[in-house]
Number of protein chains: 2
Amino acid sequence: MTIHVLVIDDDPTFNAVLSRALTRRGYAVSSATKAEQALSAARAQPPGAVVLDLNLGSSSGLQLIRPLLDIAPECRIVVLTGYASIATAVEAIKLGATQYFAKPIEVEAIVAVFDAPEEFEEAGEGEVPSDPLSVGRLEWEHIQRVLHEHEGNISATARALKMHRRTLQRKLAKRPLKA
Amino acid sequence: MTIHVLVIDDDPTFNAVLSRALTRRGYAVSSATKAEQALSAARAQPPGAVVLDLNLGSSSGLQLIRPLLDIAPECRIVVLTGYASIATAVEAIKLGATQYFAKPIEVEAIVAVFDAPEEFEEAGEGEVPSDPLSVGRLEWEHIQRVLHEHEGNISATARALKMHRRTLQRKLAKRPLKA
DNA sequence: CGCCTGCTGCGTCATTCTGTCGCAGCAGGC
DNA sequence: GCCTGCTGCGACAGAATGACGCAGCAGGCG
């Protein structure tokens, strides 16, 4: 039976490229660029798997996880984001996502999640790294954690970190460094 | 009723410092530096909370999560590691850890996890830490820890941190910033 | 003992980042 | 409608960084 995958990303080009790659690998694919559109699509045809970006214009992909699981409790949600952080990874998994990846990532890694058997706890992918985080990456993770605790309030986060708001905004606007 | 916290880290100095900080905040604390010792301690006195490092000599702290939850199903496990990655964060939460933090982190963030009400899925996490580390202080402590692990070798530390050696030397030459 | 490798301290320069200032618009509360 | 706080962002002076590289030292090895 063909798995139906719903791809949710605010970038139509990204949706098209990923959809094509998944179709080529035998999946039935649909896509959405907005939160409401995604939920409507899921209700119309409950997906077996979802690829979910976190930046969806003004809303956060995190807020879609529970509604998606309400509609399709067995579906596997792979979170994919260009602004990956440990804080949002922890929250996504607790909300019920199956996996969380930083962009860019190979399509094979995504489909491996779809095809994995139930309860694959010992995936081995969670090797503890041998290198510590770089200073830039540690800063990014720290900022993201404090921002998360302040519920996205940039002014409050800047005050808590004793950093100028302008500087914080510049840092947040950049893609995070590779670990 | 006093919460009993088990601190598991291979660095005895870190154990002592964190144990003292937690004792000062009203917790009953015990600690272990090895996996087997940790499990024995947990069986002897099932903890209400655990602070768990991932690097435990030759073994991984990830492998302790399930056994610890078998012994004390309700306990909250906070993973704390100097070698953080999104992949191990995902795996830790799936294995049943309550939270995952990169070192260094303020003690308040750890105890906020212990004290949070059940099922705090939304981002507020019960309470916002009053005073997170500033970015400068975070960087200083991270550098010091990695330098210590490289036994004072500045060149190796710079490589591990992916930082230019000149820059590291300038940073080390400065007084550490106030938190 | 000379050679080699790696570590270390440090000056210099072009580039990048930061702190500061502040404008303008939006949202929410009263 | 007013006020407060948040937000995005441009511009500028000063600080920091990455890069380069010199010079000296220590330890290992033949």
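Basis for what follows: all heavy atoms, side chains included, without hydrogens, waters or symmetry-related copies. Order of the sequence lines sets the chain letters (A, B, ...), proteins ahead of strands, with each chain counted from 1.
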Who does [N] pair with, Watson-Crick or G-U, both distances under 3.5 Å?
N: D:dG18; result: C:dC13
N: C:dG29; result: D:dC2
N: C:dG19; result: D:dC12

(message) How long is the straight-line distance from CG of A:D9 back to CG of A:L56, given to the nearest 0.5 Å?
(response) 7.0 Å
(message) If I take atom CD from residue A:E139 and atom CE from residue A:M163, how far apart are they, to the nearest 0.5 angstrom?
(response)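 Interatomic distance, A:E139 CD to A:M163 CE, rounded to 0.5 Å: 5.5 Å.
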(request) Encode nucleotides 12-27 of chain D as B, S and - characters from 5' to 3', where the letter depends on protein heavy atoms closer than 4.0 Å: B to the base, S only to sugar-phosphate, - to neither. (result) ----SBBBBB------
Spacing between [X] atom [atom1] and [N] atom [atom2], to the nearest angstrom:
X: A:E151; N: D:dT7; atom1: CD; atom2: P; answer: 12 Å
X: A:Q169; N: C:dT18; atom1: CD; atom2: P; answer: 13 Å
X: B:L172; N: C:dC10; atom1: CG; atom2: P; answer: 12 Å

(message) With a cut-off of less than 4.0 Å, is there a side-chain N or O of A:R159 near OP1 or OP2 of D:dG5?
(response)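 False: A:R159 side-chain N/O out of range (4.0 Å or more) of D:dG5 OP1/OP2.
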(request) Return no unless some side-chain N or O of A:N153 is found under 4.0 Å from OP1 or OP2 of D:dT7. (result)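 Result: yes.
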(message) Going by side-chain hydrogen bond (donor to acceptor under 3.5 Å, both in side chains), name the residues that satisfy it together with B:T81, two or more places apart in sequence or in a different chain.
(response)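 Listed in chain order: nothing, the list is empty.
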(message) If we ignore hydrogens and angles and just use 3.5 Å, is the side chain of B:R76 paired with the main-chain N or O of B:A116 as donor and acceptor?
(response)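 Pair found, side chain donor or acceptor close to backbone of B:A116.
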(request) Look only at the side chain of B:K103 and the backbone of B:E141, and say whether a donor-acceptor pair between them is shorter than 3.5 Å. (result)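 Here the side-chain-to-backbone pair does not exist.
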(request) Just grab all the salt bridge (Lys or Arg N to Asp or Glu O under 4.0 Å) pairs involving residues 78-90 of chain A, residues at least two apart or on different chains. (result)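 Residue pairs passing salt bridge (Lys or Arg N to Asp or Glu O under 4.0 Å), neighbours aside: none found.
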